[in-house]
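Worth saying up front: this structure is predicted, and the values here are computed from it rather than measured. Numbers here are sequence positions counted from 1.
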Amino acid sequence: MQSIDVVIMAAGMGTRMKSRKPKVLHRLAGRPLLAHVITTVDALDARSVVVVTGSGADQVEAAVAQWPHKARTAFVRQEPQLGTGHAVQTAAPKIPDDGIALILNGDVPLIAPATLRTLVQACGGDQLALLSIEMADPTGYGRIVREGDAVVGIVEHKDASAKQREIREVYTGFMAVPTKRLKPWLARLKNDNAQGEYYLTDVVALAVQEGAPVVAVKAPNQMEVDGVNSPIQLAALERTHQRREAERLMEAGVRIADPARFDVRGTLACGQDVEIDVNCVFEGRVTLGDGVRIGANCVIANATIAAGAVIHPFTHIDGEKAGVTVGEGALVGPFARLRPGAQLGAEVHIGNFVEVKNSTLAKGAKANHLAYLGDASVGERVNYGAGSITANYDGANKHRTVIEADVHVGSNCVLVAPVVVGAGGTVGAGSVITKDTPQGALSIARGKQVSLANWQRPKKVEKK
Ligand code: UD1
Ligand code: MG
């Protein structure tokens, strides 16, 4: 098989998005449209990739450079944008002559690698292969014109006759074509049409004139070839995509309360008997072990949650780069917040309005109400009282707090780091602990209580 050289057209204005942001940088499933296309291209092992930029070219090129991708990617700038044929003409000097040119749209994000492979195979190195689909309402699309079975051309909607507009087989915007044949056709494109543009689709008629074989391959489903031109289309495609993700998980046994209220913006791996209530969002890489239950309205990003753990409603977990781990049988939330580096052991309990950052909690440790644990190591079975916090930041540096096993920290304590609370110790409520405490001791650091007998409260002075 010949090498594949990809051209991604991404220069268009995207006027209907009514946005300052270039259209191909708008997000579907948490990732820019163009990033989806580039990931798909990676799966094809293409020899080269050229992205045609124009509107917002600086932003688009900077974004592409940041995304991890295998393929060597070059950019060409198309200014002004005179049509899809002109876009490929602009890219032509960067496309080697001896391969198959695979032409993609930057705003059609869900095309699958398998479909593109089928298209390339249909090209086979000497045919012009088009991806087409039958549409109930083909308004706006280029129609595939056939004589008998043979494809003889594509006519754009605006140029089509009433009769041609009845054709329901449309061009999806994807083609695979031998580059050495494509280049001379590109050079012959004209712009004498309804839009005054150089249409890439006109190469079909040129191929037919030359007697070059043209084939149309049917796309396997509508979703793969749906483009994004407006916020309404973007939201619709997002729902279609999320529905498919939900179905894939449900087919594997995951119980999703309502697939219409479920979003994965990254990868979600689930064990057996996982239950996910409504309105949950999963971002980055999330792994849920066997029997995990996620309550309603949770946002969970970059986290590994072990078997049997329960995340109660309205919990926010974001591991960012460092990740978050939740141990077996742990209970988290409702209204808990786990930040990067939170590592909860088995059977840990984190309750409402508790924030944990860069801290390790050993098996059975509990912080059930209104607390902060930052840069802390918490031993087994520790009970961390309501309203207690680690003062981990001195304004310049972060320091660690070590709370050894079986410690009981009372309510409303401040543990000023660096500090160690010795194993089995108790910290009295309201204490500000600035020095290490011995094992097994009761440590209290607060103003002594005094009571003044028969205290007379001041009386209000009557104004005359
Ligand atoms: C194109 C096809 C049409 C097909 C439809 C499928 C042509 C002439 N028509 O129409 O047959 O049914 O796609 O969606 O090709 N672009 C550039 N530079 C330009 C113009 C466009 O890079 O000068 C890019 C756009 O950013 C977009 C893609 O090419 O990613 C397609 O352009 P668009 O204007 O959407 O083409 P359509 O009119 O939809
Ligand atoms: Mg379009």
Side-chain angles (χ1 to χ4, degrees), residues 30 263-269 276 279-289 292-306 309-380 382-403 407 409 412-419 421:
D263 288 81
V264 177
R265 301 175 188 155
T267 56
L268 174 62
I276 300 171
N279 288 332
C280 292
V281 179
F282 298 90
E283 296 175 344
R285 282 182 180 280
V286 177
T287 305
L288 307 179
V292 165
R293 284 191 286 138
I294 310 289
N297 301 299
C298 290
V299 177
I300 301 181
N302 301 304
T304 301
I305 298 175
V310 180
I311 311 296
H312 289 294
F314 296 99
T315 292
H316 185 246
I317 299 177
D318 190 355
E320 295 176 21
K321 287 206 173 75
V324 163
T325 57
V326 175
E328 281 192 21
L331 305 179
V332 179
F335 299 101
R337 181 171 185 214
L338 303 182
R339 294 176 51 207
Q343 294 182 291
L344 314 187
E347 289 153 47
V348 162
H349 292 187
I350 297 294
N352 42 224
F353 308 107
V354 174
E355 174 184 350
V356 182
K357 190 219 76 183
N358 193 31
S359 293
T360 306
L361 281 77
K363 187 175 177 187
K366 296 187 173 81
N368 272 326
H369 328 266
L370 302 161
Y372 174 60
L373 281 162
D375 302 302
S377 301
V378 180
E380 292 190 2
V382 164
N383 195 311
Y384 192 74
S388 290
I389 65 162
T390 55
N392 57 323
Y393 184 53
D394 61 14
N397 300 298
K398 301 247 171 88
H399 303 281
R400 280 201 87 76
T401 301
V402 177
I403 307 172
V407 161
V409 177
N412 207 33
C413 294
V414 181
L415 307 180
V416 183
V419 72
V421 182

Handout entry: For Arg293, salt bridge (Lys or Arg N to Asp or Glu O under 4.0 Å) partners two or more places apart
Key =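 Applying salt bridge (Lys or Arg N to Asp or Glu O under 4.0 Å) to Arg293 gives none.
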
Exercise for the section: Could I get the full list of salt bridge (Lys or Arg N to Asp or Glu O under 4.0 Å) partners for Glu380, not counting sequence neighbours? Expected result: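 Glu380 satisfies salt bridge (Lys or Arg N to Asp or Glu O under 4.0 Å) with no other residue.
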
Where is the tightest heavy-atom contact between [X] and [Y], given as atom of each residue plus distance?
X	Y	value
Thr390	Gly374	OG1-N, 2.9 Å
Gly295	Cys280	O-SG, 3.0 Å
Ala362	Gly379	CB-C, 3.6 Å
Val414	Ala391	CG1-CB, 3.9 Å
Leu373	Ala367	CD1-CB, 4.2 Å

Exercise for the section: Any chance you could lay out the side-chain contact (heavy atoms from CB on, under 4.5 Å) test for Ile276 and Leu268, step after step, and finish with the verdict? Expected result: CA-CA 12 Å; Ile276 300 171; Leu268 174 62; 4.2 Å; yes

Exercise for the section: For residues 356-365, pull every pair meeting salt bridge (Lys or Arg N to Asp or Glu O under 4.0 Å), keeping only residues two or more places apart or in separate chains. Expected result: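 Residue pairs with at least one partner in residues 356-365: Lys357-Asp375.
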
Show me the side-chain donor-acceptor pairs of residues 311-336 shorter than 3.5 Å, one per line, residues at least two apart or across chains.
| from | atom 1 | to | atom 2 | distance (Å) |
| --- | --- | --- | --- | --- |
| Thr315 | OG1 | His312 | O | 2.9 |
| Asp318 | OD1 | Glu320 | N | 2.8 |

Exercise for the section: Supply the atom-to-atom distance Asn397 CG to Asn392 CG, rounded to the nearest 0.5 angstrom. Expected result: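 Here the interatomic distance stands at 11.5 Å.
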
Practice task
Please round to the nearest 0.5 Å and tell me the distance separating atom CD1 of Ile305 and atom CD1 of Ile300.
Solution key: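 Reported to 0.5 Å precision, the distance equals 4.5 Å.
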
Handout entry: Non-neighbouring partners of Ser388 that pass side chain to side chain contact (heavy atoms under 4.5 Å, CB included), sequence neighbours left out
Key =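 Listed in chain order: Tyr384, Val409, Cys413.
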
Practice task
Could you note down all residue pairs passing side-chain hydrogen bond (donor to acceptor under 3.5 Å, both in side chains) where residues 330-352 supplies at least one of them, sequence neighbours left out?
Solution key: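 The answer is Arg339-Glu355.
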
Residues in side-chain hydrogen bond (donor to acceptor under 3.5 Å, both in side chains) contact with [X], at least two apart in sequence or another chain:
X	result
Arg400	Ser377
Asn297	Asn279
His369	none

Practice task
Measure the shortest side-chain to side-chain distance between Ile350 and Leu361 over non-hydrogen atoms and say whether it is less than 4.5 angstrom.
Solution key: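 Yes. Closest side-chain heavy atoms under 4.5 Å.
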
